[in-house]
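For reference, positions follow the sequence shown, starting with 1.
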Amino acid sequence: MKNKRNDFKDQNTQSKRSFYVAACAVLACAAVLGTAYFQTQKTDNTGHKVAENPAATIAGESAINKNWKADAQGIGKTDSEQASTTMNVDDLAKKKEKAAKKNVEVKANQAKKKDAKNTSKATMISANHKSFNEEKGLTWPVKGDVLMKFSQSNNIYFKTLAQYKSNPAIEISADEGTKVIASAAGTVTEISKDDITGTMVTTDIGSNYKVTYGQLTNLKVKKGDEVKEGQLLGMVAAPTKYFSEEGSNLFFQVKENGKAVDPLLLLN
């Protein structure tokens, strides 16, 4: 009976040991499986496994930050370059506009200077000819006899027209081709043509006097020219049909303040 109790005790002890060993084995397996599961489930929100090494994680974050900074610098540089380009275009447009305005101003100033110069020249010319000396008088433009005198009344007989009429000038007989000279220094203010008196040259000799030479050809002057006393103006032309009976002559007229006066009173 005693031996049976001991055998039962030994069997009970052995069963407890087997249970503990099995329990420890189960716990060990659970621990291994739990660790493996934890490692496989340790991922970030994107599904990528998170690095187990904290130092590696920090290094990765640093690299990412550097990339972000580099990208930000690149973007900033691009914006800066674009802004610089925009500023360059605006500056260029402003410079062109400024240059255009300056060019207009320069041309305007040049035009003003030119006008001022011309005005000054005209003033000087006018001043030089305002001192016509009436006592000295006029030089005869051609040598010849007076065919028809000056008259403000209807007492001058025109042979070609066969009638008496007034005459605002004098006609000096001269052969065709005779040289005609300026009676006084002046400015050629007009060159015109008329059926009666042919081609005419008018000069301003100053002191409100103007002299007109008619029935001319082969002119040697043009409008705006300055002429000296005795300077060649042209030649006597063939007479117009209104003076065919009188023959070739020089139409010579003098006006003071726009009114015709007798040239013989000034010719010396």
Side-chain angles (χ1 to χ4, degrees), residues 126 128-223 225 227-268:
S126 179
N128 290 335
H129 302 316
K130 282 183 178 180
S131 58
F132 169 64
N133 190 340
E134 294 183 24
E135 292 182 1
K136 178 184 176 182
L138 300 171
T139 299
W140 283 79
V142 293
K143 292 181 179 180
D145 296 329
V146 177
L147 289 176
M148 305 174 71
K149 294 182 179 181
F150 173 85
S151 177
Q152 292 180 323
S153 61
N154 297 326
N155 60 0
I156 300 297
Y157 183 71
F158 285 76
K159 187 185 294 187
T160 302
L161 298 177
Q163 61 177 301
Y164 287 91
K165 61 195 298 287
S166 62
N167 189 18
I170 63 173
E171 282 71 34
I172 304 172
S173 178
D175 293 334
E176 186 177 340
T178 299
K179 293 180 179 180
V180 179
I181 62 173
S183 293
T187 304
V188 177
T189 58
E190 185 179 3
I191 294 178
S192 58
K193 191 171 184 179
D194 183 88
D195 290 339
I196 298 174
T197 55
T199 299
M200 296 179 288
V201 173
T202 300
T203 61
D204 184 347
I205 63 174
S207 301
N208 297 316
Y209 279 95
K210 287 187 178 182
V211 179
T212 298
Y213 310 80
Q215 304 234 49
L216 296 179
T217 188
N218 296 329
L219 298 184
K220 304 301 180 182
V221 295
K222 62 182 182 298
K223 185 177 180 180
D225 283 354
V227 296
K228 297 179 181 178
E229 182 179 347
Q231 182 175 331
L232 180 63
L233 301 178
M235 281 75 171
V236 174
T240 65
K241 63 182 180 179
Y242 294 91
F243 289 93
S244 58
E245 292 296 325
E246 286 81 2
S248 60
N249 65 84
L250 174 70
F251 173 86
F252 188 68
Q253 183 183 59
V254 178
K255 286 185 177 182
E256 181 183 10
N257 292 318
K259 183 179 180 180
V261 296
D262 189 353
L264 290 176
L265 297 176
L266 295 171
L267 287 168
N268 52 33

Name every donor-acceptor pair, under 3.5 Å, that has one atom in a side chain of residues 157-166 and the other anywhere in the protein, sequence neighbours excluded.
unit_1	atom_1	unit_2	atom_2	d
T160	OG1	S244	N	3.4
T160	OG1	E245	N	2.8
T160	OG1	E246	OE1	2.5

For the atom pair CE (M235) and NZ (K179), what is the distance rounded to the nearest 0.5 Å? 6.0 Å

Which atom names give the shortest non-hydrogen contact between D194 and M200, and what distance separates them? CB-CE, 3.7 Å

Can you see whether T189 engages T187 through a side-chain donor-acceptor pair at a distance of less than 3.5 angstrom? no

Given side chain to side chain contact (heavy atoms under 4.5 Å, CB included), test N208 with F132 step by step and report yes or no. CA-CA 9 Å; N208 297 316; F132 169 64; over 6 Å; no

Do T240 and D195 have side chains that approach each other closer than 4.5 Å (heavy atoms only, starting at C-beta)? no

Spacing of Q215 atom CD and F243 atom CZ [to the nearest 0.5 Å]: 6.0 Å

Do K255 and T212 have side chains that approach each other closer than 4.5 Å (heavy atoms only, starting at C-beta)? no

Could you grab the distance from atom OH of Y209 to atom CG of L138, nearest 0.5 Å is fine? 9.0 Å

Shortest non-hydrogen contact from F150 toward A260: CZ-O, 3.8 Å

With rounding to the nearest 0.5 Å, note down the distance linking CG in L250 to CD in E171. 9.0 Å

Audit row: I172, N249, side chain to side chain contact (heavy atoms under 4.5 Å, CB included) steps and yes/no: CA-CA 5 Å; I172 304 172; N249 65 84; 5.9 Å; no

In terms of heavy-atom contacts, V221 and L232 come closest through CG1-O, 4.1 Å

Please examine the side chains of P141 and L267, heavy atoms only from C-beta on, and report whether any two atoms are closer than 4.5 Å. yes

Measure from the side-chain N and O atoms of W140 to the backbone N and O of N268, and report whether any donor-acceptor pair falls under 3.5 Å. yes

Candidate pair T199 and T217, rule side chain to side chain contact (heavy atoms under 4.5 Å, CB included), full reasoning: CA-CA 7 Å; T199 299; T217 188; over 6 Å; no

Between I196 and Y242, which heavy-atom pair has the shortest distance, and what is it? CA-CD1, 3.6 Å

Are E229 and T139 linked by a side-chain donor-acceptor pair shorter than 3.5 Å? yes

Quick check: closest heavy atoms across V227 and A184, and the distance to 0.1 Å? CG2-O, 4.4 Å

From CG (L147) to OG (S173), nearest 0.5 Å: 4.5 Å

Would you check if the side chain of S248 reaches a backbone N or O of A238 as a donor-acceptor pair within less than 3.5 Å? no

Closest non-hydrogen atom pair between P239 and G247, with its separation: CB-O, 3.7 Å

More than 12 heavy atoms from other groups under 6.0 Å of CG on N154: yes

Are side-chain heavy atoms of F251 and Y213 found at a separation under 4.5 Å? no

How long is the straight-line distance from CD1 of I170 back to OG of S151, given to the nearest 0.5 Å? 13.0 Å

